[in-house]
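Below: one structure, written as structure tokens.
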Amino acid sequence: MPALYVVATPIGNLEDITQRAIRILKEVKLIAAEDTRKTRRLLTAYSIKTPLTSYHEHNRLTKLDYLLDFLEKDDVALVSDAGMPGISDPGYELITALSRKNIQVIPIPGPSALVTAVVISGLPTNRFLYMGFLPHKSSERKKLLKENAGQKATLVFFESPHRINATLKEMLEILGNRRIAVCRELTKIHEEVFRGTLQEAIDHYSEPRGEFTLVVEGNTSVPPEIEQKDIKAQLIQLQKSGLSDREAVRRLTAESGLSRKTVYQTMLSLK
């Protein structure tokens, strides 16, 4: 049965490709590439002669039916410019379309700028939120940053060199002077990872070049202390509304950001 192979390719260094990925790219009947020129360099390096077709943001609607028809009879490999397809590229739409058909989608995992940047950032990795490419317009970028300013998770963004300075300044304005890891040209000759505060990053980059992945510290501010009498008053109000003691503790813990232990001990003092 034909299948779509979602193949991860190097994010910079051509040596960062798995043996399985090379085999699959040789065996399939067609490779759908975001940028055929970039993919051709990879194929040439590994003597892969499989035919290429373009599949990118600007032809995704017209090319989708062609690929779906091709997959009715033969295997196809999907590759992006770099890293794992389907993340911030049109591969997502092809994969979604195939999920509604009886056609296998098989992942061939490998390099990812997103995971690579998070791991080496020095910031918490137990929970992170990938935000993709930030909007081009300043007003839309600021709106997105404001909407996520309260996120406790580490934030990850992709950004281009000609917007990086403006983005860093807007982050400082809206998020405060948080810690950040600015990862530039990962795995390439001019790889650089700058770790510091947002203000230090702004001072560091005067004429930035290359592709950037920004890993920003989540909101670590502690909610303001609530006086004991305020906790009691809110618990009493929740009880009057018909909630049980357990439900009242759960509700106030969720809404206030206080620890469950603190709220529970206050509930016991009401007895």
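All of these numbers come straight from a predicted model, not from anything done at the bench.
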Euclidean distance, Leu43 CG relative to Thr39 OG1, rounded to 0.5 Å: 6.5 Å
Crowding at CD, Gln237 (>12 non-hydrogen neighbours, <6.0 Å): no
Exercise: identify the closest heavy-atom pair between Thr18 and Pro109: CG2-O, 4.0 Å
Other residues, nucleotides, ligands: >12 heavy atoms within 6.0 Å of Leu268 CG: yes
Nearest-0.5 Å distance that lies between atom CD1 in Ile120 and atom CD in Glu191: 6.0 Å
Contact summary for Ile31 and Val28, nearest pair of heavy atoms: CG1-CG2, 4.1 Å
Leu30/Leu67 under side-chain contact (heavy atoms from CB on, under 4.5 Å): CA gap, chis, key distance, verdict: CA-CA 9 Å; Leu30 181 69; Leu67 291 174; 4.1 Å; yes
Neighbour count above 12 (heavy atom, 6.0 Å) for Arg209 CZ: no
Value rounded to 0.5 Å, distance of CD1 in Ile17 from CD1 in Ile108: 10.5 Å
Gap between atom CE of Met1 and atom CD of Gln104 - 0.5 Å precision: 7.0 Å
Met267 vs Val263 side-chain heavy atoms within contact, under 4.5 Å: no
Flag, side chain of Tyr46 to backbone of Leu14, donor-acceptor distance under 3.5 Å: yes
From CA spacing to verdict: side-chain contact (heavy atoms from CB on, under 4.5 Å), Leu114, Phe128: CA-CA 10 Å; Leu114 166 62; Phe128 60 89; 4.3 Å; yes
Side-chain donor/acceptor of Asn148 to backbone N/O of Leu144, under 3.5 Å: yes
Same cluster (ILVMFWY, side-chain, under 4.5 Å), Leu42 and Ile11: no
Nearest heavy atoms of Gly210 and Glu185, plus distance in Å: CA-OE1, 3.3 Å
Lys73, NZ: over 12 other non-hydrogen atoms inside 6.0 angstrom: yes
Joint hydrophobic cluster, Ile22 plus Ile24, side-chain heavy atoms closer than 4.5 Å: yes
Any Leu123 side-chain heavy atom under 4.5 Å of Ile180 side chain: no
Ion pair Glu247/Arg251, N-O distance below 4.0 Å: no
Minimum-distance pair of heavy atoms, taken over all atoms of Thr154 and Val215: CG2-CG1, 3.4 Å
Heavy atoms of other groups near Lys63 NZ, more than 12 under 6.0 Å: yes
Stepwise side-chain contact (heavy atoms from CB on, under 4.5 Å) check, Leu214 with Ile164: CA-CA 9 Å; Leu214 308 178; Ile164 186 71; 3.5 Å; yes
Qualifying residue, where the test is side-chain hydrogen bond (donor to acceptor under 3.5 Å, both in side chains) with Ser54 and the options are Thr36, Asn59, Asp35: Asn59
Separation between OG1 of Thr53 and OH of Tyr66, rounded to the nearest 0.5 Å: 5.0 Å
Heavy-atom check, side chain of Asn219 versus side chain of Leu175, under 4.5 Å: no
Main-chain N/O of Lys29 paired with Asp75 side-chain donor or acceptor, under 3.5 Å: no
Side chain Glu34, main chain Asp81, donor-acceptor under 3.5 Å: yes
Euclidean distance, Arg246 CZ relative to Ser244 OG, rounded to 0.5 Å: 7.5 Å
Donor-acceptor pair, side chain of Glu93 and main chain of Pro90, under 3.5 angstrom: no
Path from Phe212 to Val216 over hydrophobic side-chain contacts below 4.5 Å: yes
Nearest heavy atoms of Pro2 and Leu71, plus distance in Å: CB-O, 3.0 Å
Heavy-atom check, side chain of Asn165 versus side chain of Pro208, under 4.5 Å: yes
Pair Gln199, Asp203: side-chain N/O donor-acceptor within cut-off below 3.5 Å: yes
Other residues, nucleotides, ligands: >12 heavy atoms within 6.0 Å of Glu72 CD: yes
Minimum side-chain heavy-atom gap Glu147-Ile174 below 4.5 Å: no
Aromatic plane relationship, Phe194 with His204 - under 30° parallel, 30 to 60° tilted, over 60° perpendicular: parallel
Flag, side chain of Thr187 to backbone of Asn13, donor-acceptor distance under 3.5 Å: yes
4.5 Å side-chain heavy-atom contact, Phe157 and Arg141: no
Check: Leu270 and Ile236 side chains under 4.5 Å, non-hydrogen atoms: yes
Within one Ile-Leu-Val-Met-Phe-Trp-Tyr cluster: Leu145 and Phe133, side-chain cutoff 4.5 Å: no
Same apolar cluster (I L V M F W Y, side chains within < 4.5 Å links), Ile48/Tyr5: yes
N-O pairing of Glu217 and Arg178 below 4.0 Å: no
Heavy-atom side-chain proximity of Tyr264 to Asp245 below 4.5 angstrom: no
Nearest non-hydrogen partners of Met84 and Gly110, listed with the distance: SD-N, 4.4 Å
Lys142/Glu170 salt bridge by N-O under 4.0 Å criterion: no
Enclosure of Gln19 CD (heavy-atom neighbours >12, cutoff 6.0 Å): no
OH/Tyr92: more than 12 non-hydrogen atoms of other groups inside 6.0 Å: no
Intermediate values then yes/no, side-chain contact (heavy atoms from CB on, under 4.5 Å), Ile87 and Tyr130: CA-CA 10 Å; Ile87 300 177; Tyr130 171 60; 3.4 Å; yes
